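Everything quoted here is computed from the prediction, not taken from an experiment. Along the sequence shown, residues are numbered consecutively beginning with 1.
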Amino acid sequence: MSRKRHALAARDAHITTLRSVIVVMILVCAGLFWGWKTAPDRLNVHVPPDLRTGSTREWWKVPEPNIYTFAVYVWQTINRWPVNGEVNYKRNIQVFNTFLTPGCRNYLDNEYEQRRARGELKGRVRGIYEIPGRGFQNDSPEGPGGVRVIDRDHWVATLDMGVSETYAGTSVRDAYVRYPLYVSRVDNDPDANPWGLQIGSADSCFAGVPQRLGYADDDSDADQPSEVASP
(Lines give C-alpha, C1' and ligand atoms only; values in the text may rest on other atoms or scores of the structure.)
Protein backbone atom coordinates (compact mmCIF):
# COMPACT_ATOMS: atom_id res chain seq x y z
CA MET A 1 0.00 0.00 0.00
CA SER A 2 2.83 2.37 0.90
CA ARG A 3 4.46 1.73 -2.46
CA LYS A 4 1.23 2.62 -4.28
CA ARG A 5 0.83 5.75 -2.19
CA HIS A 6 4.36 6.90 -3.12
CA ALA A 7 3.71 6.12 -6.78
CA LEU A 8 0.54 8.21 -6.75
CA ALA A 9 2.34 11.05 -4.97
CA ALA A 10 5.15 10.95 -7.55
CA ARG A 11 2.60 10.98 -10.36
CA ASP A 12 0.78 13.96 -8.86
CA ALA A 13 4.07 15.81 -8.40
CA HIS A 14 5.02 15.14 -12.04
CA ILE A 15 1.61 16.37 -13.22
CA THR A 16 2.01 19.51 -11.15
CA THR A 17 5.45 20.08 -12.68
CA LEU A 18 4.09 19.62 -16.19
CA ARG A 19 1.26 22.03 -15.46
CA SER A 20 3.76 24.59 -14.21
CA VAL A 21 5.83 24.16 -17.36
CA ILE A 22 2.71 24.61 -19.50
CA VAL A 23 1.83 27.84 -17.66
CA VAL A 24 5.37 29.15 -18.12
CA MET A 25 5.28 28.29 -21.84
CA ILE A 26 1.94 30.08 -22.21
CA LEU A 27 3.41 33.19 -20.56
CA VAL A 28 6.49 33.04 -22.81
CA CYS A 29 4.34 32.65 -25.92
CA ALA A 30 2.14 35.56 -24.79
CA GLY A 31 5.25 37.71 -24.34
CA LEU A 32 6.55 36.77 -27.78
CA PHE A 33 3.16 37.51 -29.33
CA TRP A 34 3.02 40.91 -27.63
CA GLY A 35 6.52 41.73 -28.86
CA TRP A 36 5.63 40.71 -32.41
CA LYS A 37 2.36 42.65 -32.27
CA THR A 38 3.99 45.86 -31.05
CA ALA A 39 7.02 45.69 -33.36
CA PRO A 40 6.98 48.24 -36.22
CA ASP A 41 5.52 46.80 -39.38
CA ARG A 42 7.51 49.23 -41.55
CA LEU A 43 11.16 50.22 -41.36
CA ASN A 44 12.22 53.30 -43.29
CA VAL A 45 15.65 52.65 -44.84
CA HIS A 46 17.28 55.35 -46.94
CA VAL A 47 19.31 53.89 -49.80
CA PRO A 48 21.93 55.99 -51.63
CA PRO A 49 21.12 56.61 -55.30
CA ASP A 50 24.31 55.07 -56.73
CA LEU A 51 24.71 51.38 -55.83
CA ARG A 52 27.27 50.43 -58.47
CA THR A 53 29.93 49.95 -55.79
CA GLY A 54 27.55 48.65 -53.15
CA SER A 55 26.63 50.29 -49.87
CA THR A 56 26.89 49.27 -46.23
CA ARG A 57 25.42 51.64 -43.66
CA GLU A 58 23.39 51.82 -40.47
CA TRP A 59 19.66 51.78 -41.27
CA TRP A 60 19.03 55.09 -39.47
CA LYS A 61 21.54 57.10 -41.52
CA VAL A 62 20.17 59.21 -44.37
CA PRO A 63 22.57 59.66 -47.33
CA GLU A 64 23.28 63.28 -48.27
CA PRO A 65 21.98 62.85 -51.87
CA ASN A 66 18.61 61.78 -50.44
CA ILE A 67 18.50 64.90 -48.24
CA TYR A 68 19.23 67.09 -51.26
CA THR A 69 16.64 65.34 -53.44
CA PHE A 70 13.99 65.68 -50.74
CA ALA A 71 14.71 69.39 -50.27
CA VAL A 72 14.59 70.12 -54.02
CA TYR A 73 11.39 68.14 -54.55
CA VAL A 74 9.42 69.72 -51.70
CA TRP A 75 10.68 73.28 -52.22
CA GLN A 76 10.17 73.16 -55.98
CA THR A 77 6.62 71.79 -55.66
CA ILE A 78 5.54 74.27 -52.98
CA ASN A 79 6.75 77.15 -55.15
CA ARG A 80 5.02 75.97 -58.32
CA TRP A 81 2.04 78.20 -59.09
CA PRO A 82 0.65 77.03 -62.44
CA VAL A 83 -2.36 79.39 -62.58
CA ASN A 84 -2.71 81.84 -59.69
CA GLY A 85 -0.29 82.30 -56.81
CA GLU A 86 -3.00 83.52 -54.46
CA VAL A 87 -4.72 80.13 -54.76
CA ASN A 88 -1.89 77.77 -55.69
CA TYR A 89 0.61 78.90 -53.04
CA LYS A 90 -1.87 78.53 -50.18
CA ARG A 91 -2.98 75.11 -51.44
CA ASN A 92 0.62 73.90 -51.78
CA ILE A 93 1.44 74.89 -48.20
CA GLN A 94 -1.59 72.96 -46.97
CA VAL A 95 -0.94 69.88 -49.13
CA PHE A 96 2.72 69.67 -48.08
CA ASN A 97 2.03 70.41 -44.43
CA THR A 98 3.42 67.04 -43.28
CA PHE A 99 6.73 67.79 -45.04
CA LEU A 100 7.20 71.07 -43.13
CA THR A 101 8.07 71.70 -39.50
CA PRO A 102 5.57 73.86 -37.60
CA GLY A 103 8.13 76.69 -37.67
CA CYS A 104 8.51 76.48 -41.44
CA ARG A 105 4.75 76.22 -41.94
CA ASN A 106 4.24 79.35 -39.84
CA TYR A 107 6.99 81.15 -41.79
CA LEU A 108 5.39 80.32 -45.14
CA ASP A 109 1.92 81.27 -43.91
CA ASN A 110 3.23 84.68 -42.83
CA GLU A 111 5.13 85.10 -46.10
CA TYR A 112 1.97 84.24 -48.02
CA GLU A 113 -0.07 86.85 -46.16
CA GLN A 114 2.59 89.52 -46.65
CA ARG A 115 2.88 88.87 -50.39
CA ARG A 116 -0.89 88.73 -50.78
CA ALA A 117 -1.23 92.08 -48.99
CA ARG A 118 1.34 93.60 -51.38
CA GLY A 119 -0.51 92.22 -54.39
CA GLU A 120 2.34 89.87 -55.36
CA LEU A 121 0.29 86.70 -55.67
CA LYS A 122 -2.97 87.29 -57.50
CA GLY A 123 -2.65 86.19 -61.11
CA ARG A 124 1.03 85.29 -60.68
CA VAL A 125 2.44 82.17 -62.33
CA ARG A 126 5.65 80.85 -60.77
CA GLY A 127 8.11 78.03 -61.17
CA ILE A 128 11.56 77.28 -59.79
CA TYR A 129 14.19 74.93 -61.17
CA GLU A 130 17.72 73.79 -60.49
CA ILE A 131 20.33 75.94 -62.20
CA PRO A 132 22.04 73.72 -64.79
CA GLY A 133 25.30 72.39 -63.38
CA ARG A 134 24.34 73.28 -59.80
CA GLY A 135 22.97 69.92 -58.65
CA PHE A 136 24.17 67.84 -55.71
CA GLN A 137 27.91 68.06 -55.04
CA ASN A 138 29.60 65.34 -52.97
CA ASP A 139 32.73 67.40 -52.32
CA SER A 140 31.10 70.71 -51.38
CA PRO A 141 28.95 70.44 -48.24
CA GLU A 142 29.17 74.18 -47.61
CA GLY A 143 28.74 75.30 -51.21
CA PRO A 144 25.99 75.19 -53.84
CA GLY A 145 24.40 71.78 -54.20
CA GLY A 146 25.98 70.67 -50.95
CA VAL A 147 24.51 69.08 -47.84
CA ARG A 148 26.07 69.96 -44.49
CA VAL A 149 25.54 67.45 -41.70
CA ILE A 150 24.73 69.10 -38.38
CA ASP A 151 24.04 65.90 -36.48
CA ARG A 152 22.30 62.57 -37.03
CA ASP A 153 18.88 64.19 -37.41
CA HIS A 154 19.60 67.64 -38.90
CA TRP A 155 21.12 68.90 -42.14
CA VAL A 156 21.44 72.06 -44.24
CA ALA A 157 20.87 71.67 -48.00
CA THR A 158 22.08 74.55 -50.17
CA LEU A 159 19.97 74.87 -53.32
CA ASP A 160 20.91 77.16 -56.21
CA MET A 161 17.69 77.61 -58.16
CA GLY A 162 16.22 79.75 -60.87
CA VAL A 163 12.98 81.55 -60.02
CA SER A 164 10.63 82.59 -62.81
CA GLU A 165 7.42 84.58 -62.28
CA THR A 166 5.02 85.97 -64.85
CA TYR A 167 1.88 88.09 -64.65
CA ALA A 168 -0.58 88.21 -67.55
CA GLY A 169 2.07 86.65 -69.77
CA THR A 170 4.72 89.25 -68.84
CA SER A 171 7.87 88.26 -66.97
CA VAL A 172 8.11 90.04 -63.61
CA ARG A 173 10.92 88.00 -62.08
CA ASP A 174 13.64 85.84 -63.56
CA ALA A 175 16.49 85.43 -61.11
CA TYR A 176 18.88 82.95 -59.55
CA VAL A 177 18.49 82.44 -55.80
CA ARG A 178 20.44 80.45 -53.21
CA TYR A 179 18.27 78.76 -50.58
CA PRO A 180 19.99 77.32 -47.46
CA LEU A 181 17.20 74.98 -46.38
CA TYR A 182 17.16 73.36 -42.98
CA VAL A 183 16.14 69.66 -43.05
CA SER A 184 15.08 67.71 -39.96
CA ARG A 185 14.31 64.06 -39.32
CA VAL A 186 10.74 63.72 -38.02
CA ASP A 187 9.85 60.08 -38.55
CA ASN A 188 6.52 60.02 -36.72
CA ASP A 189 3.92 59.55 -39.48
CA PRO A 190 5.15 57.14 -42.16
CA ASP A 191 1.76 57.02 -43.89
CA ALA A 192 1.57 60.79 -44.46
CA ASN A 193 5.33 61.35 -44.75
CA PRO A 194 7.18 58.28 -46.08
CA TRP A 195 10.46 60.26 -46.26
CA GLY A 196 10.54 60.73 -42.49
CA LEU A 197 11.99 64.21 -43.17
CA GLN A 198 10.73 67.77 -42.90
CA ILE A 199 12.00 71.11 -44.16
CA GLY A 200 12.58 73.73 -41.50
CA SER A 201 13.61 74.29 -37.91
CA ALA A 202 11.69 75.53 -34.87
CA ASP A 203 11.17 79.02 -36.27
CA SER A 204 11.95 79.10 -40.00
CA CYS A 205 12.54 77.14 -43.18
CA PHE A 206 16.09 78.43 -43.62
CA ALA A 207 19.47 78.02 -41.96
CA GLY A 208 20.43 81.43 -43.34
CA VAL A 209 19.06 84.25 -45.45
CA PRO A 210 18.16 83.36 -49.09
CA GLN A 211 20.39 85.37 -51.43
CA ARG A 212 20.04 86.52 -55.01
CA LEU A 213 22.89 85.23 -57.17
CA GLY A 214 22.04 87.09 -60.35
CA TYR A 215 19.56 87.07 -63.18
CA ALA A 216 18.76 84.28 -65.60
CA ASP A 217 19.81 86.37 -68.60
CA ASP A 218 23.11 87.39 -67.01
CA ASP A 219 25.08 84.56 -65.41
CA SER A 220 28.24 86.58 -64.93
CA ASP A 221 27.72 87.07 -61.20
CA ALA A 222 25.85 83.87 -60.43
CA ASP A 223 28.57 82.66 -58.06
CA GLN A 224 28.56 85.81 -55.91
CA PRO A 225 25.57 86.21 -53.56
CA SER A 226 24.73 89.88 -53.43
CA GLU A 227 21.44 90.83 -51.86
CA VAL A 228 18.70 89.29 -49.81
CA ALA A 229 16.08 87.60 -51.99
CA SER A 230 12.43 86.91 -51.28
CA PRO A 231 11.67 83.18 -51.13
Side-chain angles (χ1 to χ4, degrees), residues 38-80 92-108 127-163 176-211 213 222-225 229 231:
T38 58
D41 58 0
R42 182 184 303 173
L43 187 61
N44 194 11
V45 179
H46 293 267
V47 180
D50 189 353
L51 296 177
R52 288 176 298 179
T53 58
S55 175
T56 301
R57 62 181 63 246
E58 293 85 352
W59 67 265
W60 61 84
K61 286 190 176 180
V62 186
E64 284 81 0
N66 295 30
I67 296 295
Y68 182 83
T69 301
F70 168 79
V72 170
Y73 167 70
V74 174
W75 197 246
Q76 188 174 39
T77 308
I78 287 177
N79 286 277
R80 171 61 178 146
N92 291 346
I93 295 173
Q94 294 171 347
V95 169
F96 280 82
N97 178 53
T98 57
F99 297 94
L100 305 171
T101 62
C104 183
R105 169 66 186 268
N106 185 62
Y107 177 93
L108 292 180
I128 66 175
Y129 55 91
E130 278 188 301
I131 299 175
R134 301 291 186 90
F136 175 74
Q137 304 291 329
N138 269 318
D139 56 351
S140 181
E142 301 287 344
V147 174
R148 175 166 59 91
V149 180
I150 299 176
D151 55 41
R152 192 192 69 175
D153 298 328
H154 302 92
W155 304 262
V156 174
T158 303
L159 316 183
D160 280 5
M161 309 195 77
V163 181
Y176 290 154
V177 180
R178 176 168 295 169
Y179 297 104
L181 290 177
Y182 203 88
V183 180
S184 305
R185 186 203 302 268
V186 187
D187 197 5
N188 56 8
D189 192 350
D191 290 326
N193 183 353
W195 288 81
L197 302 170
Q198 290 182 335
I199 287 181
S201 59
D203 55 3
S204 180
C205 303
F206 306 106
V209 179
Q211 295 176 305
L213 303 177
D223 285 316
Q224 301 298 324

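You'll find the side chain of Phe99 stays beyond 4.5 Å of the side chain of Ile78, heavy atoms only. At a threshold of 4.5 Å between non-hydrogen side-chain atoms, the residues Phe96 and Ile199 do not count as touching.
Scored by the side chain to side chain contact (heavy atoms under 4.5 Å, CB included) test, Val72 finds Tyr68, Gln76, Glu130, Leu159, Met161 as partners (sequence neighbours excluded). Under the side chain to side chain contact (heavy atoms under 4.5 Å, CB included) criterion, Val95 pairs with Arg91, sequence neighbours left out. Residues that satisfy the side chain to side chain contact (heavy atoms under 4.5 Å, CB included) test with Ser201, not counting sequence neighbours, are Tyr182, Asp203, Ser204.
Taking CG of Leu100 as the reference point, atom SG of Cys205 lies at 6.5 Å (rounded to 0.5 Å). Rounded to the nearest 0.5 angstrom, Ser184 OG and Asp153 CG are separated by 8.5 Å. To the nearest 0.5 angstrom, Leu197 atom CG is 12.0 Å from Thr101 atom OG1. The distance from atom CG of Leu181 to atom CD1 of Ile67, rounded to the nearest 0.5 Å, is 11.5 Å. Note that OG1 of Thr158 and CD of Gln211 are 10.0 Å apart. Values are rounded to the nearest 0.5 Å.
In this structure, Phe206 and Trp75 have perpendicular ring planes: the angle between them is above 60°, well past the 30° mark. Between Trp195 and Tyr73, the ring planes lie parallel to each other; the angle is under 30°, not in the 30° to 60° tilted range.
Here the shortest heavy-atom pairing between Gly200 and Cys104 reads CA-CB, 3.8 Å. The two atoms that bring Gly162 and Ile131 nearest to each other are N-CG1, 3.7 Å, heavy atoms only.
Residue pairs meeting the salt bridge (Lys or Arg N to Asp or Glu O under 4.0 Å) criterion with at least one partner in residues 99-108, sequence neighbours excluded, are Arg105-Asp109.
Formation of a donor-acceptor pair under 3.5 Å by the Arg178 side chain with backbone atoms of Leu213 is not found in this model. Within the 3.5 Å criterion, the main-chain N or O of Thr77 finds a donor-acceptor partner in the side chain of Asn92. Under the 3.5 Å distance criterion, the side-chain polar atoms of Asn193 are left unmatched by any main-chain donor or acceptor of Gln198.
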